[in-house]
K.L.:
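Structure incoming, see below.
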Amino acid sequence: MQHANTVTSSGTDRRRTRGRPGRRPDAVSLLKSDHKQVKAWFREFERGGSRSRKNQLAQRICNTLKVHTRIEEEIFYPAFLAAGIDLAMHHEAEVEHDTAKELISAIESFGPEHEYFEARMKVLAELIAHHIKEEEQRDGMFAKARAGGLDLKQLGEQLRQRRNELEGDGRRES
Ligand SMILES: [Fe+2]
Ligand SMILES: [Fe+2]
C-alpha cells in the first residue's frame, strides 16, 4: 500500500512525551500513549457533538493513526520480526494496519459529508480497538517484545525521533 509522504498531527490537546533522555518513554509506553489518545478521541466522536468538532476529531484520529502505524511499521514491527518472536502475530498486525489505512484513506478522500462517513469511522474505531487489544494484552505483541528481549529503550528513542520528523514534515507543509 502507498504511504503518503507527509502526515500531520494537528492535535493540540495531544499527550506529549518529550523530555530529558533518561526520562523518555520506552517503545511500549510511547505507543501506548498514542493508543490512549486515539481511544479518547474515538469515545468523544461516538458521544456526538457539533459537526465541526466531529470533523476535527476524525482528522486528528486519522493523522495520529497514520503516523502511529507508520512508525510501528518502520521501526517496531521490523525489530519484532527480526527477533523471530511470533511471525503470525506480526503478519496479522500488518494486515490490520493495511485495513485501517484503507479506511483512513476513504474517510479522508470522501470527507465528512459522505453518506458512509459515520459508518467508516465506526468500523475504524472497532478495528483499532481490536488491534490495540492485540498489541497491549497479556501475551500480546508488546508483552512478547519485552519478553523476547527487544531493546525497548532504544526503539522508543527511534520511534520518538521518527514521529517528530513525520509531524514536522506535516507542520511545514500545512
Ligand atoms: Fe499500535
Ligand atoms: Fe499497530
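Heavy-atom basis, side chains included; hydrogens, waters and symmetry copies ignored. Start at 1 and go down the list; that is how both ligands and their atoms are numbered.
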K.L.:
If you measure from the Lys or Arg side-chain nitrogens to the Asp or Glu carboxylate oxygens, is any gap between K122 and E118 under 4.0 Å?
P.N.:
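Result for this pair is no, no salt bridge flagged.
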K.L.:
Are F142 and F80 close enough that their ring centers fall under 6.0 Å?
P.N.:
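No: the rings miss the under 6.0 Å criterion.
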K.L.:
Quick check against the 3.5 Å criterion: does T64 have a side-chain atom that pairs as donor or acceptor with the backbone of R60?
P.N.:
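Indeed, once roles are kept as given, a pair shorter than 3.5 Å links the two residues.
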K.L.:
For Q161, what residues pass the side chain to side chain contact (heavy atoms under 4.5 Å, CB included) criterion, not counting sequence neighbours?
P.N.:
E157
K.L.:
For H68 and R163, run side-chain hydrogen bond (donor to acceptor under 3.5 Å, both in side chains): C-alpha distance rounded to whole Å, both residues' side-chain angles, the deciding distance at 0.1 Å, then the answer.
P.N.:
CA-CA 8 Å; H68 181 85; R163 187 173 67 179; over 6 Å; no
K.L.:
Listing by chain and number, which protein N, O or S atoms are under 2.8 Å from the Fe ion (ligand 2)?
P.N.:
E72 OE1, Y77 OH, H97 NE2, H131 NE2, E135 OE2
K.L.:
Judged by atom type as modelled, is there a donor-acceptor pair below 3.5 Å linking the side chain of K153 to the main-chain atoms of R24?
P.N.:
yes
